[in-house]
Amino acid sequence: MDKSWINKPRNSKEYLDGVHDFIKFGMEKSSLNGKILCPCRKCVNSSSLDPQNVEEHLVWNGFLRGYTDWIFHGESMLPSSCNQPLTHCGSTSLEDNSARDDDIRGLITDAFGFDVQNLGESSSIQETVGMFDGCTHTERMHVEEPIHTSNDETARYHTLMKDADEELYPGCTKFSKISFLVHLFHIKYLNGWSGKSFTMLLKLLKDAFPESTRLPPSYYEAKKVVKELDLGYEKIHSCPKDCMLYRGENANQESCNVCGSSRWITQKEDRDDVLNELDATRSKKKPAKVLRYFPLIPRLKRIYASSKTASSMRWHHEGRTKDGMLRHPADSLQWKAFDDRHPDFASDVRSVRFGLASDGFNPFRTLSSTYSTWPVVLIPYNLPPWMCMKQSSLILSMVIPGDKGPGNDIDIFLQPLIEELKQLWEGVDAFDASNGQTFKLRAALLWTINDFPAYANLSGWSTKGRVACPCCGDSTHSIWLKHGGKFCYMGHRRWLEANHPFRFQKDLFDGTIELGCAPIPPSGTDVHRQMDGMNYSYGKHSKSSKKRGRDDVESSVHEGLPEEVSISTIDAELFQDPDNYFEDENEEDTQIASTQQPSKHLWKK
């Protein structure tokens, strides 16, 4: 029996005919209860399946490499090399990609998604073969095209497949052009090579390899080849004062709706009009600020497009030891409470749980001490502990540019991510390569990971001032240090037992006996009620000078008063004797006044 079809592309007619003949041979020689061992690359002759499932496995996973003596399917142990076509030593067909160890075609297929639905709908392999009758090789390649692909993606797919079949140089059986470049880029990023050093290496390799070596001449050209494998990112222009993003219905605006700032970097005023006109014609406009956003949904779909990573995304349910010990976020009370509250979401173990981390850093090291760039990273907690915190598993969502941190305006930059998370909560169609099924991919954000100052920006609760504790809220116990000029947060004895001796040792603490109880942390409903109806003006607008005179203070206080109240009615009480004014108020009114009006220490100054 001719076995050369094993090394043919899986979408070729020769391969599909060979699969049919192999199953017919196996059913005649080695069937047991209507089943035979499956020799695909995943089962490796370890599972007995019915003929239809074996057909699907061989078309989807490919035939086991090196299994040319079918000893598990009734063939005698005789050398089968005589059945193989003789080839020149060191040479290989361009379509013989399976002879390489890198499986670059499988990598490309995982990157674009494999349309197995069309293959799975066929009741037999003959119906699948019928689809290719009278078709050219290029037309048959459409079986391995992505699900719901555009013409642009189809062209990218065929280009990569052509590079995957192209030898690095004539006679090279180890690497193709694309696989060699992928290995080089992997080493580059692991060792931090510069683009210049990469170009120098490519020139050296071209000189060392045969003249017909198909390597790009520079780092720039190599990136153009490998770039077809990445998912790309979106450049979203933003207001230089962080007021808004130019996207959606505002995508074509030239200035900010809030502050009126120009979308583009303006020319210097000292240039004359002629030079300005020349610059406008020779160069494109440069945006004042650019947010780089990496869409989340395509990245999640790619995770499930690979059978290895797709199976790892179910580890939190299938592979985790459930003995009550805290080894993984899935063992936490928050995870279990979320599942109990949303049983529909938790019913599918492939639903993704995320943590979000963000903080500022200076990318220029010692060259700039004030520049602050904020990356936003998502951590998929479905993965096992030894994978989810690795750099390769972290999902970079966006890079918020400097030169100053976004502060509370980070909400403006998080808009694209929030929209995708809302879409993922409802569910999007995705393909699970581990079982060959299409499912509704859903995701949820469980918590954020950040330091205390960044906590204020992401949560909306100020971590400075009189009520800085997000858990205690209005019950925060704070004392103003007169000589230190800052707040001191006490009241921690409230968490002790009622008869604990520390509660009564006032001389060792703040001079008071603590008889209060620990405050109840606000629930999500409580937080939502507090935020309801609040309006916040985004953007970094110019601030007034720190030195404020009496007129400035009067005007600022007057703005917060009702129209019927005159500033003169409280002038004597407040400005001349602020201590008596505040002491006459009760404790609750004092707390409200201290948060809404400037403190009495400011009046004293």
Side-chain angles (χ1 to χ4, degrees), residues 94-95 97 100 102-114 138 141-142 144-146 149-170 172 174-237 282-287 290-299 301-303 305-306 363 391-392 395-399 401:
L94 292 180
E95 294 183 347
N97 187 71
R100 305 188 186 101
D102 49 32
D103 191 21
I104 194 65
R105 293 179 66 92
L107 184 147
I108 298 172
T109 300
D110 287 345
F112 282 82
F114 197 95
T138 303
M141 288 294 291
H142 284 275
E144 293 190 3
E145 287 179 7
T149 58
S150 62
N151 294 332
D152 180 60
E153 289 178 335
T154 303
R156 291 169 53 199
Y157 178 81
H158 287 310
T159 301
L160 287 172
M161 280 299 184
K162 180 180 178 181
D163 291 337
D165 291 335
E166 186 177 2
E167 295 176 335
L168 181 61
Y169 55 84
C172 179
K174 188 73 175 178
F175 293 103
S176 65
K177 173 185 175 181
I178 187 69
S179 66
F180 189 74
L181 287 177
V182 169
H183 280 81
L184 282 182
F185 271 96
H186 189 203
I187 298 174
K188 173 190 182 300
Y189 289 116
L190 287 178
N191 296 278
W193 295 354
S194 64
K196 182 178 180 180
S197 64
F198 195 84
T199 300
M200 296 172 65
L201 176 63
L202 288 176
K203 292 180 179 180
L204 177 63
L205 292 176
K206 287 181 69 70
D207 292 338
F209 287 172
E211 295 183 359
S212 55
T213 301
R214 299 174 177 86
L215 277 179
S218 64
Y219 169 66
Y220 175 74
E221 295 296 331
K223 276 187 65 176
K224 291 171 62 176
V225 176
V226 183
K227 186 180 179 181
E228 302 297 336
L229 280 172
D230 68 18
L231 292 169
Y233 62 90
E234 299 177 8
K235 291 183 179 181
I236 305 175
H237 297 176
R282 292 177 181 176
S283 61
K284 296 182 179 179
K285 293 182 179 180
K286 294 183 179 180
V290 178
L291 168 69
R292 286 165 174 83
Y293 178 68
F294 302 82
L296 177 60
I297 294 177
R299 283 159 174 80
K301 287 185 176 181
R302 178 166 290 191
I303 290 176
S306 174
Q391 182 179 357
S392 58
I395 302 176
L396 180 62
S397 178
M398 66 182 68
V399 178

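The model shown is predicted, which means the values in this text are computed figures rather than measured ones. Values reported hereafter were calculated over all heavy atoms of this structure, with side chains retained and with hydrogens, waters and symmetry mates removed.
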Spacing of [X] atom [atom1] and [Y] atom [atom2] [to the nearest 0.5 Å]:
X: L396; Y: R292; atom1: CG; atom2: CZ; value: 11.5 Å
X: L291; Y: K235; atom1: CG; atom2: NZ; value: 12.0 Å
X: K188; Y: K223; atom1: NZ; atom2: NZ; value: 8.0 Å
X: L231; Y: L296; atom1: CG; atom2: CG; value: 11.0 Å

Holding to side chain to side chain contact (heavy atoms under 4.5 Å, CB included), I want the full list of residues that pass it with I187, two or more places apart in sequence or in another chain.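 Here the qualifying residues are N191, W193.
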
For K162, side chain to side chain contact (heavy atoms under 4.5 Å, CB included) partners two or more places apart: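 If we apply the side chain to side chain contact (heavy atoms under 4.5 Å, CB included) test to K162, skipping adjacent residues, there are no hits.
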
Looking at L181 and A222, what are the two nearest heavy atoms and their distance?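 Distance-wise, the nearest heavy atoms are CD2-CB, 4.2 Å.
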
How close do G232 and R299 get, heavy atom to heavy atom, and via which atoms?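 Closest approach of G232 to R299: O-NH2, 2.8 Å.
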
Exercise answer: donor-acceptor pairs, residues 198-217 side-chain atoms, under 3.5 Å, sequence neighbours excluded:
from: T199; atom 1: OG1; to: G195; atom 2: O; distance (Å): 3.1
from: T199; atom 1: OG1; to: Y219; atom 2: N; distance (Å): 3.1
from: K206; atom 1: NZ; to: L215; atom 2: O; distance (Å): 3.1
from: T213; atom 1: OG1; to: P210; atom 2: O; distance (Å): 2.5
from: R214; atom 1: NE; to: E166; atom 2: OE2; distance (Å): 2.9
from: R214; atom 1: NH1; to: E167; atom 2: O; distance (Å): 3.3

Do Y233 and M398 have side chains that get closer than 4.5 Å, going by heavy atoms?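 Y233 does not reach M398 side chain to side chain.
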
R302 versus S306: any side-chain heavy-atom pair under 4.5 Å?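 R302 vs S306: side chains apart.
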
